[in-house]
Every structure is written in structure tokens, then in C-alpha cells.
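Everything numeric in this text was worked out from a predicted model, so none of it was measured.
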Amino acid sequence: MKKNELLEGPILSSLLKLAVPIMIANLLQAAYQLVDAFWVGRLGGDAVAAVSISTPVIFLTIALGTGLAIAGSILIAQYFGAGNQQMVNHVAAQTLSMVITVSVVLSIIGYLFSPYFLYLLKVTQQVYVDALGFMRVAFIGLVFSFGFMIFQSIMRGVGRVTLPVYIVLGTVILNFALDPLFIYGWHFIPAMGVKGAALATLFTQLLAIIIGFVILFRGKHGIHLRISDFKPDYQHIKKAFEIGFPSSIEQSMRALGMMAITFLIVRFGTLTVASYGAGSNLIQLILIPALGLSMAIATLVGQNIGAGNIYRATQIAKLGAYLGFVLLTGLGIIAFIFAPYLIAFFVPNDQEVIKGGTEFLRITCLSWGFLGLQLCLMGVFRAVGNTKLPMILTLVSQWVIQFPLAFILSHNTSLGKSGIWWAFPISSVLTALITLALYVKGDWKKERLTGKTNKLIDKVEKEIAKEGFEVK
């Protein structure tokens, strides 16, 4: 077997070898939303509000299936670190089929219930039509976005993180070209406004998942899928749900928290919603380095745990958490200084939105380092299969600290809408400190998934042997 370079050598080099391509891929993935925001922002504040209202609902739907992707990535990383290629292939195929099945169901439900979601959010009449069109097209494309998300998680689990970068780069360039055509129209293409932005993203994500499937079945990049691997393995499905369901709840609680905050923001009018939307675009962009680092930490710690190297896993965790805190703190300082210019990039022609977005950004950005610390340490917990702890931390952050605080400060003090903004940094700092305390306690070092699933390994290897493949 080819030597796994991520299991030895300088830790910083191994971490950056994974983290930098993941960050670039995530940055390019986020460019879908940024490109949409760039073109939609030219339509005015109502159009920006339509996308801002729709995003939490779509994110909630995606979150319900994300847990299975996380479970697959965790298992793949540990089996790859343990040198069990048969289980790597098997887990990849099972994860792919499970998540696509879930995405189809969620896509249908989301499309049918889109009007009810918007009704619950109490959107204004001038925003409703654009929000409905954007939301429904986004739900149709859910299968494609889910599919490529799983492709990326599979590649990440085996440490092949560069390939998705090239795929996403090509599709983002295509999306940038298609957006103005679909939004504003061109010759035989009708002008579709906000809906056109979602449609452009749908087409490019379809292309991305087709390329991803070809790569997985060709078997030249650490994974080689066969049709036999897609036969439902209920024991694996049970294990995946045990690991993935808490992550789904975690992601869902984040999305529901965003929706709950949106309920509070809508009370202050379309201008405040648009200000939040413009500022949120920047936050999503800034989170990409921390999320990329968190994913790299989860993969690297997972592979080293699978190989039985606890000391190296601990050193990776410490260095990753430090980098996450320093990197996002630096970006927060830059954002504070240049806030008006950053908001104006998305909404160049609306001075009131620029002013409101600047206030939101400056109140929240200096706490970003604590958010980076929290996300990186959560990656460590997930790496060993402990997805319940990140779930609990998210519940505390969103529902015990952030939302109650946002409600109290905005309704019962003179802060008004600024009270909602102040709830963000306060919850980030407190949750990061709790997460750090749990990491220092060290219980995560005692957990290992591959040592608990020998029966599953034996079962799959026997089935593979029946198919005529050699088990090494």
C-alpha cells in the first residue's frame, strides 16, 4: 500500500496540505452565493431581502442531510488511516446512496411547502414573489448540491482535497457567466430576476456532480466505487445514523437559529433584513478559512486516530485551534476597518443598507477569533465520532445564549435592532470558552470508531470475497 504522508512528518505541513485546498474549494463554493449576491444586489434592497429570507430555510433543509455526509467522512478517514481500502470504498458508496435518497425526499417537500415557509416568515408582498421563485429553484437543485457535497467529503476523507478545487473553480466561472444572462435576460433568454440566480447555480452544480461521479467510478483517486458497494448495508446505515444524526440535529439547530433570528429581524423592516443579508454574506465568506481548517483537522485527527497515533492527533488539535483563533481574529480586525467598503461591494447603490450592514459587521467581527477556535475544536470531537458533543454545544449557543439574548436586548432595552447584533459576539465568546474547557478535559482521546466496528468490517469483507475480490 502507498505510504500515507499525512500520518507522519511535520504537523503544520500536513495540516496546511489539507487545509489550504479545502479552504480554496470552500471559498469557491461560497462564490456561488457571492456571485449571486453581487448580481442580485444590483436589483436593489428588496431583491437582497428575498435571498436573505430564503437562505435560512434552504440551509435548514441541507442541514438535515449533512449529518450523513459528516458520518461518511469520519468513517472514511479512520478506515483510510487504518489501511482498510475495502471499507473505504464501501462506506463511500453507502454514504453517497443514503444522502442522495434523503436529498430527493427533502427536495420534494421543500418545493411543495415553500409558500408556507414564507408565510411563517411573514415576508412583505414586494419580497414574496422573488423569494418564492428563488427558494423553489434552490430546492430543485438540492439533489445536485448534496451530491457534490458528498463527493467533496469522500475526497476529504482519503486526503485527496485538490481535485474538487479544479471542479468548483470551473463551475464558479460558468456561474458568473450565466448569472447576468438569467437574471437580466439576453436575446432568447428571458429576464428572470432573483429566480435566474438560483437557476444558474442549479445548472453548474449539475455539471459538478456528473464530473464527481465519473471520478469516483474510475477509481484513480483513492476511491473506486463498484455497483456491488451500493447494495444496502443496514448495519452500516445504523452506524452512520448513530454518528450522523447528532450532526444533522446540530446543523438543523444552526439553521433554525438563523430562522429564529430572522423572525426578530423582520420585525424591524426590510431595510434591517437587507442590512443583515449584506453583512451575513461577509460572515459566510470569513467563516470559510475556519471551516476549512476544521475539516482538515477532522480528517487529519481521524486518520491518525485510525492509525492509533494519539499523540500526533493531540498535537494536530492544538496547532489547528491556535491557527483558527489567530486567523479569524486577524480577519475580524481587517473587517472592522474596511466594513463600509465591504458592505458596499454587495449593495453599492443603497446608502441606508450600507450604513446598517456596517453597524452589524463592526459589532460582530471582533469576536470572530472565538468562533474560529470553537469550530476547530469541534472538528476534533467529530474526528473521533463524538458528534453528540458538538450538537449539545450548538444547542447551548443558539438556543440558551444567542436567541434569548437577542430577544431580550432587542425588545426590552433601548438597543433595538442593535441588540440582535450584540447577541452574536456574546454567544461566540461564551461557547468558545465552554468548548475549550471540554477539549482540555481530554475525554475525546479515549474514543475510536474503527475499534468498535470489527463485526461490520468482517461482514463486508466476507461479502466482498464472495464477489471474487481479494481481501488484503
M391 vs M253, side-chain contact (heavy atoms from CB on, under 4.5 Å): CA-CA, chis, key distance, verdict: CA-CA 8 Å; M391 176 191 72; M253 289 303 102; 5.9 Å; no
Just checking Y128: does its OH atom have more than 12 heavy atoms from other residues, nucleotides or ligands closer to it than 6.0 angstrom?
yes
More than 12 heavy atoms of other residues, nucleotides or ligands under 6.0 Å from CZ of F263: yes or no? yes
Tell me whether T387 contacts the main-chain N or O of R382 through its side chain, where contact means a donor paired with an acceptor under 3.5 Å. no
- Query: If only atom types and distance count, is the side chain of N175 paired as donor or acceptor with the main-chain N or O of T171 below 3.5 Å?
  - Reply: no
| task | Report the C-alpha separation of I297 and V380 in whole Å, then their side-chain angles, then the decisive distance to 0.1 Å, and conclude whether the side-chain contact (heavy atoms from CB on, under 4.5 Å) test is met. | result | CA-CA 6 Å; I297 291 169; V380 177; 3.6 Å; yes
For E242, the salt bridge (Lys or Arg N to Asp or Glu O under 4.0 Å) test, sequence neighbours excluded, returns K239
Find the distance between [atom1] ([X]) and [atom2] ([Y]) and round it off to the nearest 0.5 Å.
X    : Y    : atom1 : atom2 : value
L375 : L328 : CG    : CG    : 8.0 Å
I22  : M155 : CD1   : CE    : 12.5 Å
I76  : F80  : CD1   : CZ    : 10.5 Å
F360 : I283 : CZ    : CD1   : 3.5 Å
I183 : D179 : CD1   : CG    : 4.5 Å
L366 : L361 : CG    : CG    : 9.5 Å

Taking all non-hydrogen atoms of both residues into account, name the closest pair between [X] and [Y] and its distance.
X    : Y    : value
A197 : F134 : CB-CE1, 4.5 Å
V91  : T95  : O-OG1, 2.7 Å
F151 : P164 : CE2-CG, 4.1 Å
R267 : S410 : NH1-O, 4.3 Å
I265 : T272 : CG2-CG2, 3.6 Å
A383 : G302 : CB-N, 3.7 Å

Taking the side chain as C-beta and beyond, is there a heavy-atom pair between [X] and [Y] under 4.5 Å?
X    : Y    : value
K417 : E359 : yes
V400 : L395 : no
I140 : L202 : yes
F146 : Q205 : no
I354 : Y341 : no
I420 : F268 : yes
H411 : L264 : yes
F144 : S103 : no

Query raised in the report: Which is it for K388 and E250 under the side-chain contact (heavy atoms from CB on, under 4.5 Å) test, yes or no, and what are the steps along the way?
Result: CA-CA 8 Å; K388 292 179 181 178; E250 175 198 344; over 6 Å; no
Result for side-chain contact (heavy atoms from CB on, under 4.5 Å) between L15 and one of I316, V301, T299 points to I316
Only residue of V102, V104, L106 satisfying side-chain contact (heavy atoms from CB on, under 4.5 Å) with L142 is L106
Between side-chain atoms of residues 422-437 and protein atoms elsewhere (two or more places apart, or another chain), which donor-acceptor pairs fall under 3.5 Å?
residue	atom	partner	partner atom	Å
S427	OG	Q402	NE2	3.3
S427	OG	A423	O	3.0
S427	OG	F424	O	3.0
S428	OG	F424	O	3.0
T431	OG1	S397	OG	3.2
T431	OG1	S427	O	2.7
T435	OG1	T431	O	2.8

Let's go through F336 and C365 carefully: what are the C-alpha distance in whole Å and the side-chain angles of both, what is the deciding distance for side-chain contact (heavy atoms from CB on, under 4.5 Å) to 0.1 Å, and is it a yes or a no?
CA-CA 6 Å; F336 187 90; C365 65; 3.6 Å; yes
* Asked: Between F325 and F370, what is the ring plane arrangement, given parallel below 30°, perpendicular above 60°, and tilted in between?
  -> perpendicular
Is it true that S14 and R312 share a donor-acceptor pair across their side chains at a distance under 3.5 Å? yes
